Chemist: 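Below is the structure I would like to discuss, written out as structure tokens.
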2 protein chains.
Amino acid sequence: MALTPLQQEFVLHFGEMGSRWGINRTVGQIYALLFISSEPLNAETITDALAISRSNTSMGLKELQSWNLVRLKHVPGDRRDYFTTPDDLWEIVRTLVSERKKREIDPTLTKLRELEMQGPAGDDYAEARVAELRELIEMMTGFYAEMEKLETERLVKLMTLGSRIAGLIDKTGGMFPVLTKRK
Amino acid sequence: MALTPLQQEFVLHFGEMGSRWGINRTVGQIYALLFISSEPLNAETITDALAISRSNTSMGLKELQSWNLVRLKHVPGDRRDYFTTPDDLWEIVRTLVSERKKREIDPTLTKLRELEMQGPAGDDYAEARVAELRELIEMMTGFYAEMEKLETERLVKLMTLGSRIAGLIDKTGGMFPVLTKRK
DNA sequence: TAGTCATTTCAGAAATTTCTGAAATGTAAG
DNA sequence: CTTACATTTCAGAAATTTCTGAAATGACTA
């Protein structure tokens, strides 16, 4: 499969960004290719479009599957596996955020709690710092858990609302009655 | 400088997580060490606490400085450079988010806009996908820009509020009058 | 200005990650 | 069961990143 110039450039960009996003070039390219392809692709097609080895494609797809970033499809009468990305971009964002949290945040939160469980270390500053960090992460993951529950429609409204949200909170620390009354 | 067991474990954890966070082990360890140390440290102390080479410390500190994650301090009568992390964790979070956005999001947004500028590519699906992705990223960075403006106090209130925020948006798409009236 | 110490640079070594080709495994159809 | 693919695994090769020691640079002071 020959790529259009647009596809080509898009794929190469994702490959280059890969390392900043914590995935390797090939994985970035495979994802990009699936993302801008209207139809599901099989491993052979990917291999040939990206000019990589078949085994590299296999490993890349495995990695993307471990991130829940691709969906497996089957074409009747063809026993090869076909892959796509979800049509809904918000679904992709949710997956990405959730997986990154799982890999980049949760292990640290666990470790911080473990460190606190080990009891007084005779190092007040470090202990305070660990506790403070743990509390901050808990606040942020707690907020994330709430946002995760929202339907996409409300999430979008919320984001579009922007800083007008801030007006809801008065500086003294209370909130407007409409908020405390609801739910 | 000998590390306490707490410091030791904290530092090692950050080193291991480094690769997932897009920094290398040493950089993660240096940052962690500065973070849990009550006093600013100089390069010599870091080198010796982490058992790495002096040049590695130098490069690691340079990297952390490029991320704006450390502050340079000077001790009177001592011409060596001393480094710390900000006391305020929210300041750290703001820096981290802003730098990650700069490195991981902005280049892609630029590239997507470039691709769109290149005009019709004769590939409707890919074009639509690029436009959709660009719009999504613009919405999210726009929201981020608004949140960035908020004082920490309000940001914390907002996060603690959690999903009660969702109650503000009715399902039909409007918002409560209190919101539209303010500001 | 010469001497001392702090820091940076950089070429090559070491470690790690990524990629490939070949072999092994899995799987459906005849 | 055998054949015909499709996919995965894996050992080593290739590429990239990280780290080191030595030399260069910078900057203060006596």
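Every chain is numbered from 1, with letters handed out A, B, ... down the list of sequences. Everything quoted here is computed from the prediction, not taken from an experiment.
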Chemist: Quick one: is S58(B) getting a side-chain N or O under 4.0 Å of the dT8(C) phosphate, OP1 or OP2?
Modeler: yes
Chemist: Given atom CD of E63(B) and atom P of dT8(C), what is their separation to the nearest angstrom?
Modeler: 14 Å
Chemist: Measure NE2/H74(B) against C1'/dC28(D) and give the value in whole Å, please.
Modeler: 12 Å
Chemist: Let me confirm one number: the CE-CZ distance from M139(A) to R134(A), rounded to the nearest 0.5 Å.
Modeler: 11.5 Å
Chemist: Can you spot which of T47(B), D48(B), T26(B) makes a side-chain hydrogen bond (donor to acceptor under 3.5 Å, both in side chains) with T57(B)?
Modeler: T47(B)
Chemist: Send over the distance from L61(A) CG to dT8(D) P, rounded to a whole Å.
Modeler: 8 Å
Chemist: F35(A) ring centre to R129(B) NZ or CZ under 6.0 Å, with the angle to the axis within 45°?
Modeler: yes
Chemist: Nearest whole Å is fine: how far is dA6(D) P from I46(A) CD1?
Modeler: 14 Å
Chemist: Between atom CD in Q65(B) and atom P in dT7(C), what is the gap in whole Å?
Modeler: 11 Å
Chemist: Look up atom OH in Y31(B) and atom CD1 in I23(B), then write down how far apart they are to the nearest 0.5 Å.
Modeler: 9.5 Å
Chemist: Decide side-chain contact (heavy atoms from CB on, under 4.5 Å) for W67(A) and T95(A); before the verdict, give the C-alpha distance in whole Å, the side-chain angles of both, and the deciding distance to 0.1 Å.
Modeler: CA-CA 8 Å; W67(A) 278 81; T95(A) 304; 5.9 Å; no
Chemist: Without decimals, in angstroms, what is the distance between D81(B) CG and dC28(D) P?
Modeler: 11 Å
Chemist: What is the separation between atom CD on E44(B) and atom P on dT4(C), rounded to the nearest whole Å?
Modeler: 18 Å
Chemist: Can you pull every protein N or O that's under 3.5 Å from an N or O on nucleotides 15-20 of chain D?
Modeler:
residue : atom : partner : partner atom : Å
dC19(D) : OP1  : T26(B)  : OG1          : 2.8
dC19(D) : OP2  : N24(B)  : OD1          : 3.4
dC19(D) : OP2  : T26(B)  : OG1          : 2.8
dC19(D) : O5'  : N56(B)  : ND2          : 3.4
dT20(D) : OP2  : S53(B)  : N            : 2.9
dT20(D) : OP2  : S53(B)  : OG           : 3.0
dT20(D) : OP2  : N56(B)  : ND2          : 3.0

Chemist: Enter the distance from T85(A):OG1 to I92(A):CD1 here, rounded to the nearest 0.5 Å.
Modeler: 4.5 Å
Chemist: For the residue pair R100(A) and W21(A), would you count it as a cation-pi contact if the rule is NZ or CZ under 6.0 angstrom from the ring centre and within 45 degrees of the ring axis?
Modeler: no
Chemist: Does dA6(D) have its OP1 or OP2 closer than 4.0 Å to a side-chain nitrogen or oxygen of R80(A)?
Modeler: yes
Chemist: Under 4.0 Å: is that the gap between some side-chain N or O of K62(A) and OP1 or OP2 of dT7(D)?
Modeler: no
Chemist: Expressed as a whole number of angstroms, how long is the span from L64(A):CG to dT7(D):P?
Modeler: 15 Å
